[in-house]
A.B. asks: 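Below you will find the structure I want to go over with you.
Computed from a predicted structure; not experimentally measured. In what follows, every chain begins at residue 1, and chains take the letters A, B, ... in the order their sequences are listed.
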Amino acid sequence: MTLTRRALLGQGLGLCLLVALPAAASPAADAREDRPPGEPVDEEVPFGAWLRVAPDGAVTVMLAATELGQGVMTALPMLVAEELDIPLDRVRVRFAPAARAYRFSFGEEGPIRMQLTGGSRSVAQLSEPMRRAGATARALLVAAAARRWGLPAGRLHTAEGAVHGPGGRRLGYGELAAEAAALPVPRGVRLKPPSRWKLLGTSPPRLDTPAKVLGTAVFGIDARLPDQLAATVRAAPSFGGRLRALDPAPALAVPGVEDVVVEDTWFAVVARDTWTAFRAARALRPDWEPGPHAGLDTKTVEDHLAARLDADRGFRVRGDGDLDRALARAARTLEAEYRLPYLHHATLEPMNATALVDGDRAEVWVPTQNQQQSLTALHRATGVPRSRCRVHTTLAGGGFGRRAEVDVVEQVGRVTRRFPGRPVALVWTREEDFTHGFYRPAVTARLRGGVDASGRPIAYGVHLCGTNIAERYVPPALANRGPFLNFVVEGLAELPYALGAVEVRFTRAELPVPVGSWRSVGNSHNAVFKECFIDELLALGGRDPVEGRLELLRDAPDHARVLRLAAETAGWGGPGGARGVAVHASFGSVVATVVEVSVEDDRLRVERITAAADCGPVVHPDIVRQQVEGGSLFALSAALHGGLEFRDGGVAQDNFHAYPVLRLARAPAVDVRLVRGSRRSRGGVGEIAVPPLAPALLNAVRAATGRAVRSLPLSRHFTV
Amino acid sequence: MRLLVDGEWRAVEVEPERPLLWVLRDALGLTGTKYGCGIGLCGACTVLVGDEAVRSCALPVSAVGDRPVTTVAGLARDGEPSVVQQAWIDLEVPQCGYCQPGQVLAATALLRRNPAPTDADIDRAMTNLCRCGTYGRIRAAIHLAARRIADGARP
Ligand code: FES
Ligand code: FES
């Protein structure tokens, strides 16, 4: 079921995937690629694509993944430092340029490699290459020292960034780097066994923390180049709209405005600084042609999904047993419809990119999750050959999937090519950011289920309708059968419960709202359909939500383990408020979440969240805790408040007053537990806490009120 | 016009109605102060004017007068992080980090006014948005800084 899914993000066409090649690991292989893997600076000696060693012994690790807050800037260097026997504070990091050498694997999904931070795969998939790079460099440094001293390598050891030999001999890595890098690369270096790990599994200070607290961290919006111009854009407010006419005079009359750039569906104001560009753009009265979807509003969307479910039986994605027979045999049955809205990412740093086109070269500085497609977008927008395009990744003020899209690179390229030799910093207003997203699709699901005479669930059927984001990458006929369906059915198709009959059906929605990956993708809606309805069935059968699940999880021991851990930690069954639970596997990890709420009249308060996670062997436990804390609150924000509304064919909310997000005063404590002695292999971390939160919350609301709330956000049902 | 920013008088040539945020970021190059929403809703642009936390996107520069402006770059003393910044570092508060300059300044203003805030005080004062969900650590870091202030540190 999992063939290509997230691998397709950012590719224009799925077919391009076939030309992806394994990553290069040696300087020779790098040289064959279409571009260098980042020019070493100063006197740094490169060791393959991943490492450079400076004369003073500092080691620079090249990061193929973007730091979005999820901690790769610390976790990836830790993997190198462990094998290289160097203290973490001697390691520097640099974001890798867009280059073939830095494409990395989608794991079980075969030979596909992309330079794209997504699918919660960076640490899981890069751990092997990073450790191997560290171990290889270490072997070379030891070999160089052995030659200098005329001793067998076996009598030497490494510690604290130096090679040590008998009689107190010591050579720092910096002193050996040039000689070491010239030696033949050994094959099959051995990696340290976990029993010898000193760093992995501990929580050293994050390398990015001080700069982020002191305010010196450079995000995309902070890129500053000599003589740079500023720009902002306005794109058609309705889906499929175009710019019919624009009189640029009011903007050009604003002092400091350089130009107004008009494109087919958007325009840009270029000025000497951002605020001037913002102000001048506001002065314009563009004549937008609304396009074919001008009538679309919130109700159109809901009605469409319901009508499609009425009209279509759906493509059967999974079928175990005969659902109709099982329902006919059931002692009691239940039907329910769940409706989930479109969601925006609302990264706190608005979309932005800074570019320079100079002669025959183009460069972009951008907080992107997608270096690979950023390069393509820059090339297409500027006409500069790919080999002369450069992508510089900056820190990103949140990503959540939004920065896998390269629309802003395309725009900045189109604008900047008109100003040869002058950098242009394009910054979107918050209003543009809200109304021109790639949203989590709205999905409606109809569920049918039943329990036997003893109260055990024996039938579970779900029919969902929404836009499959795979349609962004492949034609609908290909997207909506087979492996591409995974984008929309992931998490449901792998229902872990031992139920007699299970059926999952999917019907395609035909809606013009742009969609994209939103932290945890299909799992973000499917965990609700899966975990709320199983909870309703357990209640129908008079079963406890935890005990009842454990009964059904006999073939899923890792699920059972996190479920027990979360329930125990949360004091399940003990005194306190009403609790709800959910357990969900995604990205190779399993998380169980318990939410405790209180409801008084129509006031809903979330009192406490407990989450237990099994992610396999953990590189940095505190970063995992951060991601589970933060992911839970990100999901809570969406469940309480998140829901796009549409008017006149476009998004109706344009800032945080209309699309509120969670604030500190309403953020409950999140108690995180990590399973000890995991039996799993290394799983993802950045998205895994999101899926179980909303269903656990809805289940808690049902426990508190006796009433199943089956649509989000909860702000439409309660004062939150 | 002259502005006292991070302890230094700076001359700027800007329109009086230009929001302080854009004067700091574009005229003075102080990019630690962030743009998030532009209309006073998110707090990413928070600075201190005097000892008060102010959303600089919604404050015309001409309204600052000669009150001192403190950005995140002006909190350190003798190159050492402030007590609030140190608490933030010790508890590993940031994730993406984009909201954190504003959070640190909002917390600094709170602790200068109220060196021993309760949870309810923190709830009321800390209204800046964090999309990464670092709120639990922000609360813990404010309590940690408050303990250090009780032990003699200066907020
Ligand atoms: S940018 Fe000033 S409050 Fe959001
Ligand atoms: S740390 Fe990312 S927005 Fe707060």
Side-chain angles (χ1 to χ4, degrees), chain A residues 67-71 203 205-206 208-219 221-222 224 230 255 273-275 278 345-350 395-400 427 429-431 622-623 626-627 629-634 636-637 655-657 661-670, chain B residues 14-15 17-19 21-23 25-27 29-39 41-42 44 71-76 81 84-86 88-90 92-101 103-105 120 122-139:
Chain A
E67 177 60 67
L68 306 159
Q70 84 285 38
S203 298
R206 280 178 65 140
D208 53 347
T209 295
K212 287 176 174 179
V213 174
L214 300 174
T216 53
V218 177
F219 294 84
I221 203 169
D222 304 325
R224 290 292 181 274
D273 63 77
T274 306
W275 183 70
F278 280 12
H345 303 83
T347 59
L348 200 57
E349 181 190 15
L395 286 174
F400 316 125
V427 176
T429 61
R430 173 59 59 191
E431 288 75 11
D622 194 52
I623 289 177
Q626 282 183 311
Q627 285 304 297
E629 291 163 11
S632 298
L633 295 186
F634 180 85
L636 177 62
S637 181
N655 212 318
F656 291 111
H657 61 286
V661 303
L662 186 74
R663 287 176 195 269
L664 179 141
R666 287 285 180 274
V670 185
Chain B
V14 293
E15 310 85 334
E17 70 272 23
R18 179 180 291 247
L21 167 66
W22 299 108
V23 177
R25 285 186 60 81
D26 289 341
L30 292 168
T31 54
T33 311
K34 304 300 187 201
Y35 166 67
C37 70
I39 54 171
L41 297 171
C42 75
T71 76
V72 67
L75 284 176
V84 174
Q85 287 174 315
Q86 192 58 53
W88 246 246
I89 291 170
D90 292 345
E92 297 280 1
V93 174
Q95 289 185 29
C96 86
Y98 194 77
C99 71
Q100 300 300 341
Q103 305 280 8
V104 164
L105 286 156
I122 294 171
D123 284 353
R124 265 192 302 277
M126 297 298 292
T127 55
N128 288 9
L129 303 182
C130 175
R131 287 296 283 150
C132 299
T134 64
Y135 296 128
R137 291 185 191 225
I138 288 174
R139 186 188 298 282

A.B. asks: Taking Gln626(A) for its side chain and Pro94(B) for its backbone only, find out whether a donor-acceptor pair lies under 3.5 Å.
C.D. replies: yes
A.B. asks: Please classify the contact between Pro668(A) and chain B as side chain, backbone, both or neither, with a heavy-atom cut-off of under 4.5 Å.
C.D. replies: neither
A.B. asks: Answer with side chain, backbone, both or neither: which region of Ala396(A) has an atom nearer than 4.5 Å to a non-hydrogen atom of chain B?
C.D. replies: backbone
A.B. asks: If every non-hydrogen atom of Gly397(A) is compared with every non-hydrogen atom of Tyr98(B), which pair is closest and at what distance?
C.D. replies: CA-CB, 3.7 Å
A.B. asks: With a 4.5 angstrom heavy-atom cut-off, is it the side chain or the backbone of Ile122(B) that approaches chain A, or both, or neither?
C.D. replies: both
A.B. asks: Can you tell me which portion of Val670(A) sits under 4.5 Å from chain B's heavy atoms? Options are side chain, backbone, both or neither.
C.D. replies: neither
A.B. asks: Select, from Gln86(B), Lys34(B), Gln103(B), the one with the greatest count of heavy-atom pairs under 4.5 Å involving chain A.
C.D. replies: Lys34(B)
A.B. asks: Among Gln627(A), Arg206(A), Glu629(A), find the one that has a side chain to side chain donor-acceptor pair (under 3.5 Å) with Gln95(B).
C.D. replies: Gln627(A)
A.B. asks: Side chain, backbone, both or neither: which part of Val93(B) has a non-hydrogen atom closer than 4.5 Å to chain A?
C.D. replies: backbone
A.B. asks: Counting heavy-atom pairs closer than 4.5 Å to chain B, which one of Val218(A), Leu633(A), Asp222(A) comes out on top?
C.D. replies: Asp222(A)
A.B. asks: If you look at every heavy atom in Glu431(A) and Tyr35(B), which pair is closest and at what distance?
C.D. replies: OE1-OH, 4.4 Å
A.B. asks: Under a 4.5 Å cutoff for heavy-atom pairs, which residue among Cys96(B), Cys42(B), Gly133(B), Gly32(B) has the most contacts with chain A?
C.D. replies: Cys96(B)
A.B. asks: Non-hydrogen atoms of chain A under 4.5 Å away: do they reach the side chain of Ile89(B), the backbone, both or neither?
C.D. replies: both
A.B. asks: Under a 4.5 Å heavy-atom cut-off, does chain B meet the side chain of Asp208(A), its backbone, both or neither?
C.D. replies: side chain
A.B. asks: Do side-chain atoms of Gln85(B) reach the backbone of Val213(A) as a donor and acceptor pair under 3.5 angstrom?
C.D. replies: yes
A.B. asks: Taking only residues two or more places apart in sequence, or in another chain, which ones meet Arg663(A) in a side-chain hydrogen bond (donor to acceptor under 3.5 Å, both in side chains)?
C.D. replies: none
A.B. asks: Starting at CZ of Phe656(A), measure out to CZ of Arg131(B) and round the result to the nearest 0.5 Å.
C.D. replies: 7.0 Å
A.B. asks: Please name all residues satisfying side-chain contact (heavy atoms from CB on, under 4.5 Å) with Arg666(A), sequence neighbours left out, ordered by chain then number.
C.D. replies: Arg605(A), Leu662(A)
A.B. asks: For the backbone of Thr274(A) and the side chain of Asp26(B), can you confirm whether one donor and one acceptor N or O come within less than 3.5 Å of each other?
C.D. replies: yes
A.B. asks: Among Ser203(A), Gly215(A), Ala230(A), who wins on heavy-atom pairs under 4.5 Å with chain B?
C.D. replies: Gly215(A)
A.B. asks: Would you check if the side chain of Arg224(A) reaches a backbone N or O of Thr31(B) as a donor-acceptor pair within less than 3.5 Å?
C.D. replies: no
A.B. asks: Where is the tightest heavy-atom contact between Leu664(A) and Met126(B), given as atom of each residue plus distance?
C.D. replies: CB-O, 3.6 Å
A.B. asks: With respect to chain B, which residue among Gly399(A), Pro205(A), Ser632(A), Ser637(A) yields the maximal number of heavy-atom pairs within a distance under 4.5 Å?
C.D. replies: Pro205(A)
A.B. asks: What pair of heavy atoms forms the shortest contact from His657(A) to Ile39(B), and how long is it?
C.D. replies: ND1-CD1, 4.1 Å
A.B. asks: So, do Arg25(B) and Ile221(A) sit near enough that their side-chain heavy atoms are less than 4.5 Å apart?
C.D. replies: yes
A.B. asks: Among Cys130(B), Gly97(B), Ala120(B), which residue forms the greatest number of heavy-atom pairs with chain A at distances under 4.5 Å?
C.D. replies: Gly97(B)
A.B. asks: Do you know which two heavy atoms are closest between Asn655(A) and Cys37(B), and how far apart they sit?
C.D. replies: ND2-O, 3.2 Å
A.B. asks: Can you name the closest pair of heavy atoms from Thr209(A) and Glu92(B) and give their distance?
C.D. replies: OG1-OE1, 2.6 Å
A.B. asks: Among Gly398(A), Pro350(A), Pro255(A), Ala217(A), which residue forms the greatest number of heavy-atom pairs with chain B at distances under 4.5 Å?
C.D. replies: Pro350(A)
A.B. asks: If I measure from the heavy atoms of chain B, does Thr429(A) come under 4.5 Å with its side chain, its backbone, both, or neither?
C.D. replies: both
